Protein chains: 2
Amino acid sequence: MQDEDLAAIMRALGHPVRLSILRIVARQERGQCCCSDVTESLTLAQSTVSQHIKVLLDAGLIERQPKGTRNCYILQRERLEAVGSAYGGLIAGICGPAINEQAKAG
Amino acid sequence: MQDEDLAAIMRALGHPVRLSILRIVARQERGQCCCSDVTESLTLAQSTVSQHIKVLLDAGLIERQPKGTRNCYILQRERLEAVGSAYGGLIAGICGPAINEQAKAG
DNA sequence: ACCTTTGATCGTTGCTTTACGATAAAAGAT
DNA sequence: ATCTTTTATCGTAAAGCAACGATCAAAGGT
């Protein structure tokens, strides 16, 4: 994963409300999924929640699934885990091989 | 680590230039450290770089170390790794126990 | 004592984000 | 066919961010 992509995802994760939304989506996933559920759990206007959801959608962290009159969302677990790996890679490339600076060049 | 803190750090990591700065700091750490080094490696004004550095400082991802007329920066490896763990915890709490929704309540 | 280097900070400009209410479209219910 | 529910989108205001040049303070060099 490229720096720009990782940064974009980090930005998407960089708001406490959006972390909450991820948790809410995860929690309710097996019963119904949600969206007005999310709005109920947060003291925010529906339009605001919808906007946050869009950010998560654009980052590929959740997926939309129309279901009748409502839109359900499901976690993109693989993507969430890929972000973890990408970050791990960044850290490894930063914290590990910092011992010899030539490592990057060679 | 709390959601708000994690989100704040994510936001700090949410800009490609700042990821680059982390890399540059890591690379040069053992020789001199840097700062004008960073500015040289990036096609950005010194003030802009300084601003990005401040964001990383405030997030606790690097540390300042005055050295004569220049300011050197060093990675806060533990913090970077703590972020990885915190994210891992988030993922685990989200991707794992989503199978039974009662887990969170009980 | 003076000049230079380094780098933080200030002030500004333009863009993006966050929050809101209002509106509109799609699906279901009556 | 009409009404309701759900939710995305629009428009907007306020706050925040990213980039810049200019400036100022601190440390070293001459």
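Keep in mind that what you see is a predicted model, and the values were worked out from it rather than measured. Because only heavy atoms are used, hydrogens play no part in the values below, and waters and symmetry mates are left out as well, while side chains stay in. Order of the sequence lines fixes the chain letters, A, B, ..., with proteins taken first and strands second; residue numbering starts at 1 for each chain.
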Of the listed C:dT18, C:dG7, D:dT7, the closest approach to the B:S36 side chain comes from C:dG7
For DNA chain D, what residues of residues 1-13 of chain B have any heavy atom nearer than 4.0 Å?
none
Among residues 46-57 of chain A, which ones have heavy-atom contacts with DNA chain C below 4.0 Å?
A:S47, A:T48, A:Q51, A:H52
Determine all donor-acceptor pairs shorter than 3.5 Å in which one atom belongs to a side chain in residues 80-96 of chain A; sequence neighbours excluded.
from, atom 1, to, atom 2, distance (Å)
A:S85, OG, A:E81, O, 3.2
A:Y87, OH, B:L80, O, 2.6

Establish whether B:I24 and B:V55 are linked, either directly or via other cluster members, by ILVMFWY side-chain heavy-atom contacts under 4.5 Å.
no
Could you tell me how far apart [X] ([atom1]) and [N] ([atom2]) are, to the nearest whole angstrom?
| X | N | atom1 | atom2 | answer |
| --- | --- | --- | --- | --- |
| A:L42 | C:dC20 | CG | P | 11 Å |
| B:R64 | C:dT6 | CZ | P | 16 Å |
| A:Y73 | D:dT6 | OH | P | 14 Å |
| B:Q65 | C:dG7 | CD | C1' | 16 Å |
| B:N71 | C:dG7 | CG | P | 6 Å |
| A:R70 | D:dT6 | CZ | P | 5 Å |
| B:L44 | C:dG7 | CG | C1' | 15 Å |

Work out which heavy atom in B:R64 is nearest to a heavy atom in B:L57; give both atom names and the distance.
NH2-CD1, 3.3 Å
Can you see which heavy atom on B:L56 is nearest to which on B:R18, and at what distance?
CD1-O, 3.9 Å
What's the separation between atom [atom1] in [X] and atom [atom2] in [Y], rounded to the nearest 0.5 Å?
| X | Y | atom1 | atom2 | value |
| --- | --- | --- | --- | --- |
| A:L22 | A:I53 | CG | CD1 | 10.0 Å |
| B:I21 | B:H15 | CD1 | NE2 | 9.0 Å |
| A:R79 | A:M1 | CZ | CE | 5.0 Å |

Please check the phosphate of D:dA19 (OP1 and OP2 only) for any side-chain N or O of B:H15 closer than 4.0 Å.
yes
Please list, one pair per line, the donor and acceptor atoms closer than 3.5 Å that link side chains of residues 3-13 of chain A to other protein atoms, with sequence neighbours excluded.
from, atom 1, to, atom 2, distance (Å)
A:D3, OD1, B:R23, NH1, 3.2
A:D3, OD1, B:R23, NH2, 3.2
A:D3, OD2, B:R23, NH1, 2.8
A:R11, NE, B:G14, O, 2.8

Set out, line by line, the N/O atom pairs under 3.5 Å between protein and nucleotides 27-29 of chain C.
none

Give every donor-acceptor pair under 3.5 Å between a side-chain atom in residues 39-51 of chain B and any protein atom, sequence neighbours left out.
from, atom 1, to, atom 2, distance (Å)
B:T39, OG1, B:C35, O, 3.2
B:S41, OG, B:D37, O, 3.0

